[in-house]
Engineer: 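If you scroll down you'll find the structure; I have some questions about it.
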Protein chains: 2
Amino acid sequence: MGINSRFAVAVHILALLALEDRPLSSKYIAGSVNTNPVVIRRILSTLSKAGLIETQLGVDGGSTLARPAEKISLLEVYNVSEQGHLFALHSNQPNPLCPCGRNIQPTLLGVFKKAEAALESTLAEATIAEVVQDIVAQLQSQS
Amino acid sequence: MGINSRFAVAVHILALLALEDRPLSSKYIAGSVNTNPVVIRRILSTLSKAGLIETQLGVDGGSTLARPAEKISLLEVYNVSEQGHLFALHSNQPNPLCPCGRNIQPTLLGVFKKAEAALESTLAEATIAEVVQDIVAQLQSQS
DNA sequence: CAAATATGTAACAATAATAGTTACATATCA
DNA sequence: TGATATGTAACTATTATTGTTACATATTTG
């Protein structure tokens with residue numbers, strides 16, 4: 001499985017920044033995510049380089065959204081979080097002397113590309129603001 | 001990324017069985033895929049349990065498609081090859097005392113489910129027969 | 001200026017998944 | 001009976017992920 005939890009944590013971080021609407025430190029965020037602050041800082045660093053957040057050093061510093069949550073799509077967050085591709089080709093080059101081995105990879109790449117595009121188009125339609133709305137709706141049903 | 005090549009190899013195997021249209025041994029298939037026969041046998045075993053191929057022991061034995069290639073969708077192959085989910089939630093449970101931490105996971109699951117469904121619907125539309133057609137078309141442009 | 005607080009990143013360990021390999025029990029066919 | 005196949009256990013090497021400690025550097029406040 002092409003699984004890692006960085007995408008989930010990145011969405012969590014951005015939703016938390018949107019909800020609290022003030023600079024949050026990596027230590028504070030780590031308390032919500034339940035992990036080590038360095039894990040958070042690694043993700044914050046990539047979010048910052050991608051222009052999704054801004055960070056402020058020093059006392060009472062921390063990170064804030066660089067843009068309104070309505071303007072941050074989950075596809076952007078996904079692209080920052082997942083490097084490489086969802087699907088893998090063969091780990092060794094197939095046999096070039098075999099008609100199938102020689103031609104299977106371009107065919108597979110076409111299939112992979114189409115499937116990934118479909119996945120990404122659904123992520124492009126969702127935003128951090130919608131994630132926050134969903135969380136707020138759950139909170140209201142809990143009170 | 002948590003990527004594995006089993007899906008690529010499974011499609012390769014099934015396309016090869018369709019192309020050659022005779023029982024192929026794991027050793028022969030391994031020659032085309034360029035890997036160890038045991039790696040192939042592990043995948044053949046799951047394809048067999050899923051009813052996609054039939055295997056014959058003994059001299060001149062090997063595997064054949066259990067159904068015409070037109071009736072084997074790539075989604076079936078994908079479901080056999082990839083267990084678990086494409087996306088992962090947090091590796092530790094988020095803080096239940098935080099409003100965001102308490103509610104982010106159901107929200108994320110909704111996003112993941114939608115994205116995976118989109119990906120899977122593209123795989124449902126493609127078949128092993130189409131993969132074979134694509135390979136044959138490439139072969140013709142090579143002669 | 002000095003103390004407190006943050007980030008950013010290097011370095012390392014623990015864990016898990018993947019892929020490759022050897023070995024062998026079992027089944028089938030000629 | 002011998003040749004050939006599968007199916008699977010067991011082990012290794014490699015890699016990715018996550019968590020952790022440590023520390024240089026930047027910023028704000030008193």
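Every chain is numbered from 1, with letters handed out A, B, ... down the list of sequences. Just so it is clear, the values below take in all heavy atoms, side chains as well, and ignore hydrogens, waters and symmetry mates.
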Engineer: Please give, in whole Å, the distance from dT17(D) C1' to His90(B) NE2?
Structural biologist: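 Nearest whole value for this atom pair: 16 Å.
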
Engineer: Any side-chain N or O of Arg6(B) below 4.0 angstrom from OP1/OP2 of dA17(C)?
Structural biologist: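 Answer is no, no contact under 4.0 Å.
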
Engineer: In whole angstrom, give the distance that lies between atom CG of Asn92(B) and atom C1' of dT15(C).
Structural biologist: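 Between C1' of dT15(C) and CG of Asn92(B): 13 Å.
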
Engineer: What's the closest nucleotide to the Ser5(A) side chain, out of dT18(D), dT21(C), dA6(C)?
Structural biologist: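 The answer is dT18(D).
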
Engineer: Just do the side chain to side chain contact (heavy atoms under 4.5 Å, CB included) check on Leu17(A) and Leu24(A) with the steps written out, would you?
Structural biologist: CA-CA 7 Å; Leu17(A) 293 178; Leu24(A) 301 181; 3.7 Å; yes

Engineer: Look at the side chain of Leu57(A) and decide which nucleotide, out of dT21(C), dT21(D), dA6(C), has an atom nearest to it.
Structural biologist: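 Given the options dT21(C), dT21(D), dA6(C), the side chain of Leu57(A) is closest to dA6(C).
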
Engineer: Relative to the 5' end of DNA chain D, which residue comes earlier, Arg41(B) or Ser91(B), by the nucleotide with the nearest heavy atom?
Structural biologist: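 Closest to the 5' end, via its nearest nucleotide, is Arg41(B).
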
Engineer: To the nearest Å, give me how far apart CG (Leu24(A)) and C1' (dT7(C)) are.
Structural biologist: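 That distance rounds to 14 Å.
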
Engineer: Without decimals, in angstroms, what is the distance between Ile53(B) CD1 and dA5(D) C1'?
Structural biologist: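 Those two atoms, CD1 and C1', are 13 Å apart.
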
Engineer: Between P on dA26(D) and CG on Asp60(A), what's the gap in Å once rounded to a whole number?
Structural biologist: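 After rounding, the reported distance stands at 20 Å.
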
Engineer: Do you reckon Val39(A) sits in the same ILVMFWY cluster as Ile104(B), going by side-chain contacts under 4.5 Å, direct or chained?
Structural biologist: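 Cluster IDs for Val39(A) and Ile104(B) differ.
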
Engineer: Between Ser25(B) and Tyr28(B), is there a donor-acceptor pair closer than 3.5 Å when you use the side chain of the first and the backbone of the second?
Structural biologist: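 A pair under 3.5 Å: yes.
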
Engineer: When the distance from CG of Asn4(A) to P of dT15(D) is rounded to whole Å, what number comes out?
Structural biologist: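 Going from CG in Asn4(A) over to P in dT15(D) covers 18 Å.
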
Engineer: For dT8(D) and Ser45(B) - does any side-chain N or O of the residue sit under 4.0 Å from the phosphate oxygens OP1/OP2?
Structural biologist: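 For dT8(D), OP1/OP2 do have a side-chain N/O of Ser45(B) under 4.0 Å.
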
Engineer: Starting at atom CD of Gln93(A), determine the distance to atom P of dA19(C), rounded to an integer number of angstrom.
Structural biologist: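 My rounded result for the distance is 15 Å.
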
Engineer: Taking the side chain of Asn36(B) as heavy atoms from C-beta outward, which of dT28(D), dG20(C), dT8(D) is closest to it?
Structural biologist: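 Of dT28(D), dG20(C), dT8(D), dG20(C) is nearest to the side chain of Asn36(B).
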
Engineer: Please lay out, stage by stage, how Leu74(B) and Thr127(B) fare under the test side chain to side chain contact (heavy atoms under 4.5 Å, CB included).
Structural biologist: CA-CA 5 Å; Leu74(B) 296 193; Thr127(B) 64; over 6 Å; no

Engineer: Would you say dT6(D) has OP1 or OP2 under 4.0 Å from some side-chain N or O of Thr55(B)?
Structural biologist: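 For Thr55(B), the contact criterion (side-chain N or O under 4.0 Å from OP1 or OP2 of dT6(D)) is not met.
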
Engineer: Please state whether the phosphate of dC29(C), meaning OP1 or OP2, lies under 4.0 angstrom from any side-chain nitrogen or oxygen of Gln56(B).
Structural biologist: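 Indeed, a polar side-chain atom of Gln56(B) lies that close.
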
Engineer: Are any of the side-chain nitrogens in Arg67(B) or Glu54(B) under 4.0 Å away from the carboxylate oxygens of its partner?
Structural biologist: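 Salt bridge flag = no for Glu54(B) with Arg67(B).
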
Engineer: Mapping Leu44(B) and Pro37(A) to their closest nucleotides on DNA chain D, which lands nearer the 5' end?
Structural biologist: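 Counting from the 5' end, the first nearest nucleotide belongs to Leu44(B).
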
Engineer: Counting only N and O atoms by type, is there a donor-acceptor contact under 3.5 Å from the side chain of Gln138(A) to the main-chain atoms of Asn103(B)?
Structural biologist: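 Here the side-chain-to-backbone pair exists.
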
Engineer: With distance as the sole criterion, do the side chain of Arg42(A) and the base of dT20(D) form a donor-acceptor contact below 3.5 Å?
Structural biologist: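 Yes.
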
Engineer: By the 4.0 Å heavy-atom rule, please label Ser26(A) as base, sugar-phosphate, or nothing.
Structural biologist: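 Here Ser26(A) touches the backbone only, sparing every base.
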
Engineer: Let me know the distance between NZ of Lys27(B) and C1' of dA23(C), rounded to the nearest Å.
Structural biologist: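 In whole Å, dA23(C) C1' and Lys27(B) NZ are 16 Å from each other.
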
Engineer: For the side chain of Val59(B), starting at C-beta, report the closest nucleotide among dT8(D), dA27(C), dC29(C).
Structural biologist: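 Nearest to the side chain of Val59(B) among the choices is dC29(C).
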
Engineer: Lys49(A) side chain N/O closer than 4.0 Å to the phosphate oxygens (OP1, OP2) of dT9(C)?
Structural biologist: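 Result: yes.
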
